[in-house]
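Each remark here refers to the structure printed beneath this line.
Both counts, for ligands and for their atoms, begin at 1 and track the order of listing. Note that this is a predicted model, so its numbers are computed, not measured.
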Amino acid sequence: MKIETIAVHAGRNIDPSTGAVTPPIHLTTTFEREANGEYPKGFNYSRSNNPNRESLEKCLTELEGGNEAAAFSSGSAATMSVLQSLSPGDHVLACDDIYHGTRRLIKLFEEWEIKSSFVDLTKIKNLKSEIKKETKLVWIETPSNPLLKIIDLKKVSDIAHHAGAIVVCDNTWATPVLQSPFKFGVDLIMHATTKYIGGHSDILGGAVISKSDNKFFQKIRVIQKSGGAVPSPFECWLTLRGVQTLPLRVRAQSESAMQIAEFLNSHPKITKVHYPGLAKHPEHPLASVQMKLYGGMISFEVKGGKDDAMRVASKVKLFIRATSLGGPESLIEHRASVEGPETKTPQSLLRLSIGLEHPDDLIEDLEQALTK
Ligand SMILES: *Cc1c(COP(=O)(O)O)cnc(C)c1O
């Protein structure tokens, strides 16, 4: 079935007790045992599992074409579960342009003797030279944050597997609508469902989806159930509701982003536009093969420096100055200030999350902000 159909139906059932088409929210922490002590319906306590979480996990599994999913209370909690499944002595190789919170979490594990390196994985020779026998995990984010680099999932997976490493792809920015990492050999997919999957800037959530049943994923499952960084039934319900419109939203946001990137690309006050849909983007040919469309995120650099970028951000009227992405409302952000003093992000860079407004209105807003 096509993704639009999966998004509407996956993980949902007509409620057997009432016939409700929209699933009920199971706000219970505990479930009754049968007289013989068993739990024939499969639920016993909501930290371990809950019907709403099970529905969401089934849906995410189908969207990515995987075997199983574990839902978490945030994208970062999902990332944490992957890192906690490693052992002292393991090495993590990650792309250099990566969500800054993921970098911080990976570095946190140095105290548990898990070493890490961050390299530009758009160049496969860097992977070949940095991967070693201790490398247990290769962490990819594509398109990357905030420079929208595109990493070759197939080539990286082949080399990593040859070296005995597991490949994880943070698929938050592309979403399953635009990119199917399992088809290129990736082993685990991580999502911040906070972003496009939830889609309405009203829930925090995360997930890890596994391509196959294996020991590493079972460890993630134990961490989920025992550690308890799980989403509430209501958050699972809202996320599942968001999924129904995911393909339509992401397609509209990508189409608008393409028009806006072209506008920015021809503007005299802009020195650089980072958008994989532009023919001049260095990995445009790869993005065209690996992705269906180029997504709703754009970064651009304003002529001058930080003050000039900040001035543009201060003048917008329709874009909202806020962090995060993937919601219906368009956002603008000076990324370096969010990432803190250690950031390598250019000070002249602004990041846009394109929402569901009409692209003409968004272009008009950027035009006036750049003119003044
Ligand atoms: C937001 C984000 C995360 C972290 O998710 P939270 O829900 O904020 O913890 C991880 N990766 C990417 C690419 C993100 O955009």
Side-chain angles (χ1 to χ4, degrees), residues 56 60 64 69-84 92 94-108 118 121 137-151 153 168-179 181 186 188-209 220 223-224 227-232 235-236 238-239 242-243 246 249-250 253 257 274 276 291 294-299 322-327 330-333 335 338-340 343 345 349 351-355:
L56 176 61
L60 295 174
E64 289 290 11
F72 290 88
S73 53
S74 69
S76 302
T79 301
M80 195 70 175
S81 76
V82 176
L83 299 173
Q84 285 171 326
V92 178
C95 51
D96 59 346
D97 192 54
I98 187 171
Y99 173 62
H100 73 120
T102 303
R103 180 194 302 271
R104 198 162 50 209
L105 286 179
I106 293 173
K107 287 194 165 170
L108 198 67
F118 297 85
L121 289 180
L137 207 71
V138 176
W139 189 285
I140 313 173
E141 198 178 290
T142 180
S144 71
N145 183 3
L147 294 176
L148 291 115
K149 293 183 184 182
I150 305 295
I151 296 166
L153 293 169
V168 188
C169 177
D170 180 339
N171 207 27
T172 301
W173 280 31
T175 81
V177 180
L178 304 184
Q179 179 171 275
V186 164
L188 293 173
I189 293 171
M190 174 261 156
H191 273 292
T193 53
T194 309
K195 313 294 170 55
Y196 289 103
I197 291 184
H200 293 78
S201 315
D202 53 11
I203 51 109
L204 281 174
V208 181
I209 303 137
I220 291 172
I223 290 163
Q224 178 207 30
V230 292
S232 72
E235 288 163 321
C236 293
L238 273 179
T239 310
V243 166
L246 175 72
R249 285 186 284 108
V250 169
Q253 285 162 322
H274 303 272
M291 301 175 76
Y294 306 98
M297 297 299 295
I298 308 169
S299 292
T323 193
S324 199
L325 55 118
S330 293
L331 307 179
I332 188 165
E333 169 177 58
R335 195 64 197 159
V338 175
E339 295 182 349
T343 183
T345 299
L349 183 138
R351 194 184 81 177
L352 303 178
S353 168
I354 303 305

Looking only at heavy atoms, the pair that brings L246 and Y196 closest together is CD1-O, 3.3 Å
For S353, the side-chain contact (heavy atoms from CB on, under 4.5 Å) test, sequence neighbours excluded, returns M297, L325, L331
Taking side-chain contact (heavy atoms from CB on, under 4.5 Å) as the test, write out the residues that go with I223, two or more places apart. S81, Q84, S85
Is a donor on one side and an acceptor on the other found under 3.5 Å between the side chain of R103 and the backbone of D97? no
Contact between R351 and V338 at the side-chain level, heavy atoms closer than 4.5 Å - yes or no? no
In a simple table, one pair per line, please give the protein and ligand 1 atom names for every N or O pair closer than 3.5 Å, along with the distance.
| unit_1 | atom_1 | unit_2 | atom_2 | d |
| --- | --- | --- | --- | --- |
| ligand 1 | 7 (O) | G75 | N | 2.8 |
| ligand 1 | 7 (O) | T194 | OG1 | 2.7 |
| ligand 1 | 9 (O) | G75 | N | 3.3 |
| ligand 1 | 9 (O) | S76 | N | 2.8 |
| ligand 1 | 9 (O) | S76 | OG | 2.6 |
| ligand 1 | 11 (N) | D170 | OD2 | 2.7 |
| ligand 1 | 15 (O) | W173 | NE1 | 3.4 |
| ligand 1 | 15 (O) | K195 | NZ | 2.7 |

Using the test side-chain contact (heavy atoms from CB on, under 4.5 Å), find all partners of A71 that sit at least two apart in sequence or belong to another chain. R53, L56, E57, P231
